[in-house]
Amino acid sequence: MSIDAIAPPAPGIDHEALDEDYVLTPAFVEKVVDAADDGDGMRLRDLTEDLHPADVADLMGFLTAEHRGVVVQWLPPDLLAETLPELDDGIREEVLERVPHLTLAEALQELDSDDAAAVVEDLEDDQREKVLAAMPEIDRAAIESSLGYAEDSAGRLMQREVMAAPQFWNVGDTIDHIRAQGEDLPELFFDIYVVDPLNRPVGGVSVSGLLRMPRATKLADIMEPVNEITVDQDQEEVAYIFEKYHLISAPVIDSAGRLVGQITVDDIVNIIQEENREDILRLAGVSDEDRGSTIPEIVRGRVPWLAVNLFTAALGAGVIAFFGGTIEQIVALAALMPIVSAIGGNAGTQALTVTVRALATRELNSSNARRTFFRELVVGLANGLVLAPLIGVAAGWWSGDWRIGAVIAAAMVLNLMIAASVGVLTPLTLSKLKQDPAVSSAVFVTATTDFFGFLIFLGLATAVLL
């Protein structure tokens with residue numbers, strides 16, 4: 001993706017298209033809908049041709065499938081090309097079904113190899129064959145090579161267009177080469193990678209640094225070490241490297257150490273956003289949904305985790321049923337016991353969220369896991385000691401029995417400590433087992449705090465009050 005995707009809109013855009021927050025206005029969307037309903041293709045082209053590709057993609061998200069089908073037919077080829085990588089996955093798949101394969105083949109030639117591969121990946125097999133067959137050999141080979149790498153790997157993420165120079169060149173040689181290449185250069189590049197005779201990167205020179213130096217300066221004298229990315233590295237690990245070392249771009253090498261492409265910071269911004277979105281959704285037991293998701297897809301993604309929650313809720317209900325005799329004798333317990341489990345669930349979620357984030361950013365590992373656990377345990381104890389007197393006094397005054405206040409205060413402290421412990425240990429354990437800690441941690445934490453909340457409160461009530 002080009003870094004232009006985050007640039008401000010062009011000055012010629014309809015003044016009603018975007019508001020002050022760069023969001024499409026309802027009035028503009030309504031204009032597009034009316035033009036689509038009327039089949040007014042020229043009006044649709046006038047409305048969309050000055051929009052930034054990111055805004056066109058946003059517009060597609062506000063439209064129905066029928067309206068999208070009309071609008072996409074009137075997008076100029078270059079705008080269509082830049083819009084496709086910006087679309088939500090579900091919407092992009094739907095749009096691609098409506099674009100003729102020859103039009104799509106022409107549009108893909110306008111994109112960098114990484115963006116083109118991302119679009120081709122979403123095509124059905126028969127459509128993919130037709131589109132690739134209609135493309136020039138060099139573009140087709142680049143896309144097929146990218147698709148040959150594992151999904152979510154650096155090889156799939158990288159663009160094959162890269163600016164490299166031999167280490168015996170000087171600044172003047174490099175500048176002359178850049179000027180001579182013209183359109184054969186990458187659309188966007190920040191560094192020139194200096195390579196040895198085997199095409200292995202030995203350093204890098206930023207474009208800004210190159211332009212500051214006299215023409216006779218040797219590249220070997222001004223090059224800096226580079227952070228190399230291997231083609232099989234996971235994209236999440238690549239994003240961590242970029243974030244940690246404040247990189248703008250990095251060379252990608254194959255198993256032999258040869259330069260095969262580059263990754264730029266605009267791709268990493270997308271990866272970080274994608275990973276964060278996935279973690280947030282998984283914490284809630286929700287699949288990766290977008291505006292193009294259908295109702296059946298959403299239901300299939302949510303029902304399994306709701307079924308797990310149903311099972312865990314049954315465990316809590318079993319504890320309540322076990323202490324049914326106690327509740328019958330002291331009815332006030334029925335009103336108070338949800339407080340213990342609810343506060344415990346919230347505390348567990350707080351500890352869980354902090355832990356999952358620390359694991360994702362690699363701020364938490366085996367070297368500080370023990371310290372983190374005991375810190376959260378002490379925090380849970382401190383929270384309990386703050387809240388316990390409040391709920392204890394309130395419950396004792398409301399029920400008229402100060403023993404009930406003491407029971408719920410003690411249960412509050414104990415459950416908050418359990419919640420803090422489980423909130424840390426669950427994601428740590430899943431991570432140790434090579435499982436994504438964001439996927440199912442919340443379910444286990446909630447189930448544990450509910451189960452022990454009811455068990456501790458009703459158990460103490462039975463022992464103290466009966």
Side-chain angles (χ1 to χ4, degrees), residues 1-100 103-104 107 110-111 115 118-119 122 266 269-270 272-281 284 286-302:
M1 177 189 298
S2 169
I3 202 165
D4 290 339
I6 58 174
I13 291 178
D14 186 326
H15 71 283
E16 292 186 356
L18 302 175
D19 61 19
E20 62 275 9
D21 296 320
Y22 294 91
V23 177
L24 291 171
T25 64
F28 178 80
V29 175
E30 189 63 30
K31 285 184 178 181
V32 174
V33 170
D34 290 342
D37 286 335
D38 295 338
D40 190 347
M42 297 309 298
R43 175 60 174 158
L44 287 174
R45 178 160 292 191
D46 289 340
L47 288 169
T48 58
E49 65 181 354
D50 289 329
L51 285 177
H52 191 279
D55 294 317
V56 177
D58 199 25
L59 172 64
M60 291 295 188
F62 289 116
L63 302 177
T64 64
E66 291 74 20
H67 290 139
R68 282 195 290 265
V70 177
V71 172
V72 72
Q73 297 176 20
W74 291 96
L75 292 178
D78 56 341
L79 180 57
L80 172 63
E82 295 294 335
T83 298
L84 287 173
E86 303 284 348
L87 293 171
D88 292 338
D89 291 343
I91 295 177
R92 182 165 61 202
E93 292 176 8
E94 176 193 301
V95 167
L96 289 174
E97 294 176 357
R98 300 174 179 268
V99 180
T103 301
L104 187 55
E110 303 294 327
L111 298 176
D115 290 330
V119 173
D122 288 339
D266 56 310
V269 170
N270 291 336
I272 293 174
Q273 291 176 337
E274 178 184 326
E275 296 291 344
N276 287 343
R277 182 177 69 248
E278 288 180 357
D279 287 345
I280 291 172
L281 292 174
V286 179
S287 62
D288 192 7
E289 303 168 6
D290 56 41
R291 291 178 293 186
S293 299
T294 64
I295 292 177
E297 290 172 343
I298 295 173
V299 171
R300 284 195 299 269
R302 297 185 187 184

Report task. Give, for atom CE of Met60 and atom CZ of Arg92, the distance between the pair rounded to the nearest 0.5 Å. Result -> 13.0 Å
Report task. Can you sort out the partners of Val33 under side chain to side chain contact (heavy atoms under 4.5 Å, CB included), two or more places apart, ordered by chain and number? Result -> Val29, Asp37, Leu63, His67
Query raised in the report: When rounded to the nearest 0.5 angstrom, what is the spacing between NZ in Lys31 and CG in Leu44?
Result: 12.5 Å
Query raised in the report: Which atom pair, heavy atoms only, marks the closest approach of Ala81 to Glu110?
Result: CB-CB, 3.9 Å
Report task. For Asp46, check side chain to side chain contact (heavy atoms under 4.5 Å, CB included) against everything at least two apart and list the hits. Result -> Glu49
Query raised in the report: Which distance, rounded to the nearest 0.5 Å, do you find between the CG of Leu75 and the CG of Leu51?
Result: 9.5 Å
Report summary line: With sequence neighbours left out, the residues meeting side chain to side chain contact (heavy atoms under 4.5 Å, CB included) with Asp19 are Asp21, Val23, Thr25
Report summary line: Tightest non-hydrogen contact, residues Ala107 and Pro77, listed as CB-O, 4.1 Å
Query raised in the report: Which value, rounded to the nearest 0.5 Å, describes the distance between Leu84 atom CG and Leu104 atom CG?
Result: 6.5 Å
Query raised in the report: Do you know which two heavy atoms are closest between Pro85 and Leu111, and how far apart they sit?
Result: CG-CD1, 3.9 Å
Requested in this report: Heavy atoms only: give me the nearest Ala57-Glu86 pair and the separation to one decimal.
Outcome: CB-CB, 3.5 Å
Query raised in the report: Which pair of heavy atoms, one from Arg43 and one from Ala35, lies closest together, and at what distance?
Result: CG-CB, 3.7 Å
**Report entry** Stepwise side-chain contact (heavy atoms from CB on, under 4.5 Å) test for Glu93 and Leu87
**Finding:** CA-CA 9 Å; Glu93 292 176 8; Leu87 293 171; over 6 Å; no
Requested in this report: Give a yes or no answer on whether the side chain of Thr83 reaches the backbone of Leu79 with a donor-acceptor pair at less than 3.5 Å.
Outcome: yes
Report summary line: Here the pair of heavy atoms bringing Phe62 nearest to Asp58 is CD1-O, 3.2 Å
Query raised in the report: Rounded to the nearest 0.5 Å, what separation is found between the CG atom of Leu47 and the CE atom of Met42?
Result: 11.5 Å
Report summary line: So CD of Glu94 and CG of Asp122: to nearest 0.5 Å the spacing works out to 12.5 Å
